[in-house]
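Encoded as structure tokens, the structure appears first; notes follow it.
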Amino acid sequence: MYRTHTCGELRTDHSGEEVTLSGWVDNYRDHGGGLFVDLRDRYGLTQIAFSPPDSSAELIEESKNLRGEYVIQVTGKVAKRPAGQDNPKLATGDIEIRATELKLLNKSETPPVSPSEKVSEVAGEDTRLKHRYLDLRRPEMQRTMMLRDRITKRMRDYFEEHHFIDIETPILGRSTPEGARDYLVPSRVHNGKFYALPQSPQLYKQILMIAGYDRYVQIARCFRDEDLRADRQPEFTQVDVEMSFVDSDDIIGMIDGLVEKLAKDVLDIDVPTPLPRLTYDEAMRRFGHDAPDLRFEMEIVDCTDLAAKSDFGVFKNVVEGGGHVRAINAKKGTSKYSRRGIDGLTEYVKGFGAKGLAWFRCDDEGKLASTIAKFFGDDLLAELAKRLNAEPGDLILFSAADWATTCKVLHALRTKVAKEMELYDPKAMHFSWIVEFPMFELDEEADSPEGKGTWTAMHHPFTAPLEEHVELLDTDPAKCRAQAYDLVINGCEAGGGTIRIHDAPTQSKVFELLGIDAETAKDRFGFLLDALAYGAPPHGGIALGLDRVVMLFARLDNIRDVIAFPKTQKATDLMTEAPGSVDGKQLKELGIKLDS
RNA sequence: GGCGCGGUAGCUCAAUUGGUUAGAGCCCCGGACUGUCGAUCCGGAGGUUGCGGGUUCGAUUCCCGUCCGCGUCGCCA
């Protein structure tokens, strides 16, 4: 037997018991006459004392060979520590093990990543990824992995309580050209043909609804061959949900319950439900983004009409060109942003398509002042100040451009300024829904017969329009809103879903708008269209990004830290060195010849 | 693909305008010490400054290229 207890469980109640512990040497303190070891496992740290009279001289001598990350087994008596020597930083800090036996189970090289929390500087991320086994040994990472485990368990419990069944769907599927780039898997049996790894189990779960499994859930691995971000991995995990005989409210309500339970069980915070909902149009108008961070205010204010009355050429030209002039008020921003600071913001917004950054500061008398103030009459300035609720010390930042650019710029500014000015508690959690997304967006790069871009599905081609918008499919697709909803946590898209089209006429109309002719549709999703013809129930669902949910619940800003073995920005695994090259023999069997 | 930041000892970082033998803390090695808990004290070892080229009497430093890591824009139904 390697151990009778873990390194996290012994207390003064155990005093006098002989115990055996196994674990890693977290730290050692050599006093010549005696030596202390902090022994670590997943459960905590326990101090081992190699000192007389309990430990023999030979044992003490032996203990002097111990080094960091050596794996040892120790037997001894649990003892309350001498008065005044307890360590309140440790859960086991009131006791120690007076060692009588020591067995070295394994040695360790000097670790490039120290798993010990006593080392405050964590190694660089590339080193951590290369030696992931050491990084994952760090208590911080272990806590995150355990948090992830707890979240998925609670989710599974919740869905089970609500009579969902977990059904696995294939990893080897077929490629569909919509959406992200596919990861392809060549077929040996059918040379020249390829499977695709799923971007999500979307089509399968709809098929399951048609098959009568009215509440489906799966924790599903998904793959998208697109460039990475801090919150995006090529391989990620979705909590995939689909329900029959439901409308948007039913799905949203079901997930409200899940969020409420998770927040309570995992973070011990009470989240009032139903969660607040915002339409997409409102979110764009007030916050410039479809996943706004609602932990703070700083709403966008439209000033287009007032800007038109000024003599400021930049504003006038934009307004005359059909653009918009919108602004945010960074309350008390002048103390944070000097002229140089504003120059920094100006550079920043240029990265989002802004040509420059117009601004005003609000002086002590409540008047707007700026290098461009001279282009505005006093009345106009007062009107602006009133609309923007400007008070002394406030900093007003403008974006003048087309609608989409003002959204992008002001969203970027809003997020950056709020973070830099610490306008919210970094521990705060804000959950909300964005609903009624547009059905379509214009792909301006794609060529269409009409020559002005083509419609693409904002979510996917099976998304149902709002019932009252069905006729807009014929008259004004741009205005057509979908039965779609995104779960937003702290300005991060944590999940999204839709009610699906379950009738053939609507489906063909949408395909038509998307430029998918009957033949193409049949070729790509024939099986789904076939299935829809055999009594498809009204259905819809959602997929939550599990990695992101864990990241947000762990208050981390990086998805790699919640994935045991993540990929780098170039989609490689620094530990296994995947992807790697393969034998010519393997390629030959697959009928593949490489160019280079 | 674009833009930005970074790469110096096993780890975290420093190095003046381009100038002596590239330093410090941790780790590691040796020694001292009967109670520490980031132990302490003394001594020591440890470097292809990512890689390749260029400028220069002289390059960690300047220039070009390249590789890698991170952030971001494009991209992500």
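All values reported here derive from a predicted model rather than from experimental measurement. A note on names: the letters A, B, ... follow the listed sequences, proteins ahead of strands, and every chain is numbered from 1.
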Grab the N/O contacts between the protein and nucleotides 2-13 of chain B below 3.5 Å, and write none if there aren't any.
| unit_1 | atom_1 | unit_2 | atom_2 | d |
| --- | --- | --- | --- | --- |
| U12(B) | OP1 | Gly124(A) | N | 2.5 |

Would you tabulate the nitrogen or oxygen pairs shorter than 3.5 Å linking the protein to nucleotides 29-32 of chain B?
| unit_1 | atom_1 | unit_2 | atom_2 | d |
| --- | --- | --- | --- | --- |
| C29(B) | OP1 | Arg67(A) | NE | 3.3 |
| C29(B) | OP2 | Arg67(A) | NE | 2.7 |

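At most 12 heavy atoms of other shown residues, nucleotides or ligands fall within 6.0 angstrom of atom CD in Glu140(A).
Contact between the side-chain N/O atoms of Lys118(A) and the OP1/OP2 oxygens of U36(B) is not found at any separation under 4.0 Å. Here Lys130(A) does not reach the OP1 or OP2 of G69(B): none of its side-chain N or O atoms lies under 4.0 Å away. Regarding contacts with the backbone of G71(B), a side-chain N or O of Arg560(A) is found under 4.0 angstrom from either OP1 or OP2. Regarding contacts with the backbone of G35(B), a side-chain N or O of His31(A) is found under 4.0 angstrom from either OP1 or OP2.
For Arg29(A) and C33(B), a side-chain-to-base donor-acceptor distance below 3.5 Å is absent, hydrogens and geometry of angles not being considered. The base of C76(B) has none of its N or O atoms less than 3.5 Å from a complementary donor or acceptor on the side chain of Arg224(A).
Here, G74(B) and G18(B) have their C1' atoms 39 Å apart, quoted to the whole Å. Using P as the reference atom, A14(B) and U34(B) are 40 Å apart when rounded to the nearest Å. Nucleotides C63(B) and G1(B) place their P atoms 23 Å apart, quoted to the nearest Å.
Between His460(A) and Phe462(A), the gap from one ring centroid to the other is short of 6.0 Å. Not less than 6.0 angstrom separates the ring centroid of Tyr28(A) from the ring centroid of Tyr70(A).
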Go through the steps to decide whether Glu226(A) and Arg232(A) satisfy the test salt bridge (Lys or Arg N to Asp or Glu O under 4.0 Å), and finish with yes or no. CA-CA 9 Å; Glu226(A) 296 293 346; Arg232(A) 219 199 281 165; over 6 Å; no
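Only Thr568(A), Gln569(A), Lys570(A), Thr572(A), Leu574(A), listed by number, bring a heavy atom of residues 562-578 of chain A to less than 4.0 angstrom from any atom of RNA chain B.
Glu242(A) pairs with exactly one of Gln206(A), Gln202(A), Gln218(A), Arg500(A) by the side chain to side chain donor-acceptor pair (under 3.5 Å) rule, that one being Arg500(A).
Salt bridge Asp225(A)/Arg181(A): absent, no basic N to carboxylate O contact under 4.0 Å. A salt bridge links Glu69(A) to Arg137(A): one of the charged nitrogens lies within less than 4.0 Å of a carboxylate oxygen.
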